[in-house]
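Values below: all heavy atoms of this structure, side chains included; hydrogens, waters and symmetry mates excluded. Residues: numbered from 1 along the sequence shown.
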Amino acid sequence: MPRTPMGLCAVGEPLGTCANCSAFACGHHGARLVRGTFLCIFCEPQIQAAAAGAQGLTFREWVAQQKAAPGGLGDPAVTGVAVQLVRLAEPDFATVAGRAAGGAAAPHLPMTLTEWVRDHPDYGPAFKTWLEARADNLHKQVDARAKDPAARAHPEHGPYLKFWTAVGPEAQRLLAAALALLVGTETPAEELPDVLGAVARAYGVALATSRHAGDGDPASLRVITSASGGAG
C-alpha cells in the first residue's frame, strides 16, 4: 500500500481510526490533524474536493452569480457539481431557498491548500513540496482543458469543466491537490465516489485501474519518502 513519508510508527501498526471511513491506519497512511481529528490519506482527496465545492457555494458568490450567464455558479448544472462535491464530506448537505453557505455548512473544511497543509504538520516539508508541485502541474493541465470549447461542450464533462472556470483559484488548487493525491496514492477509479471519478475523467486525469500490489511505494511517493527519511 502506498505510504506517506511521516514514519510515526511501523508500517501496518495502527496509529488511529479515520474519522471519515473508520479504517485503522498506520503513521504512513494517516495523520492526526492540528484540531485532533485523525484521517487516512485515502479520504483526504474527498475532503479537499468537498472544500472546493464549498467555496463554490458561499453565499456571497451565490448572490453575485445568481443571474450569471450559463457556465457560472448561477447555472444549475454547475451548482449541482458544487453540491455533489460538498456532499463528499457532508452527505446531508442541501441548499435552502437559494442560499448555500458552504463555509457555514462545513466549517471544518479547509478553504485553501495552504490551510490544508498547515493542518497536517506530520506530513512534513517534503510531502508539502511534492503535493504543491503536483497540484500546480495539474492546475495548468485542467485550466487548458477547461478553456477548450469542444471539451466544455461534452455532455458528461461540460458541467465539471464549467465548475472549474466558475470558481476561484483557491478552489481550483484544492481540487488539483485532490487529484494529485488520487494519482500519488494509486487509488483505483472503481473505489472512488462517482463524482470524483467523473471529475478525473472530465479533467483528463488518468487514475489507477487496480490497487498497488505489495508493500512498496508508488514511484511518485517513494521519492519523497526517501527524501524525508520516512518509510523504508
>> What I want to find out is whether D136 reaches K140 closely enough, with some N-O distance under 4.0 Å, to be called a salt bridge.
In response: no
>> For E132, give me all partners under salt bridge (charged side-chain N to carboxylate O under 4.0 Å, His left out), at least two apart in sequence or on another chain.
In response: K128
>> Could you check whether any side-chain N or O of Q141 sits under 3.5 Å from a backbone N or O of G204, counting only pairs where one atom can act as donor and the other as acceptor?
In response: yes
>> Looking at E115 and M111, would you say the former's side chain and the latter's main chain have a donor-acceptor pair under 3.5 Å?
In response: yes
Rounded to the nearest 0.5 Å, how far does [atom2] of [Y] lie from [atom1] of [X]?
X	Y	atom1	atom2	value
T185	E191	OG1	CD	9.5 Å
L196	Q46	CG	CD	6.0 Å
T37	I47	OG1	CD1	9.5 Å
H139	L113	NE2	CG	10.5 Å
L85	Q55	CG	CD	11.5 Å
N137	L179	CG	CG	13.0 Å

So, do [X] and [Y] sit near enough that their side-chain heavy atoms are less than 4.5 Å apart?
X	Y	value
F163	T79	no
Y160	V195	yes
R145	W164	no
L181	Q48	yes

Can you name the closest pair of heavy atoms from [X] and [Y] and give their distance?
X	Y	value
A54	V86	N-CG2, 3.3 Å
C18	C40	SG-N, 3.4 Å
L207	A200	CD1-CB, 3.7 Å
A178	A49	CB-N, 4.2 Å
A180	L138	N-CD1, 3.5 Å
A89	L109	CB-CD2, 3.8 Å

> ring-ring contact (aromatic ring centres under 6.0 Å, His included) with H157: which residues, sequence neighbours excluded?
Replying inline: H154
> Between Q172 and V167, does a side chain to side chain contact (heavy atoms under 4.5 Å, CB included) hold up when you go through it step by step?
Replying inline: CA-CA 7 Å; Q172 293 173 347; V167 298; 3.9 Å; yes
> Side-chain donor-acceptor pair under 3.5 Å between T112 and T114, yes or no?
Replying inline: no
> Run the salt bridge (Lys or Arg N to Asp or Glu O under 4.0 Å) check on D148 and R152 step by step: do they pass?
Replying inline: CA-CA 6 Å; D148 180 357; R152 288 170 64 89; over 6 Å; no
>> Classify the ring geometry of H120 against W116: parallel below 30°, tilted from 30° to 60°, perpendicular beyond 60°.
In response: parallel
> Do any pairs count as a side chain to side chain donor-acceptor pair (under 3.5 Å) and have a residue in residues 194-205, sequence neighbours left out, and if so which ones?
Replying inline: E156-R201
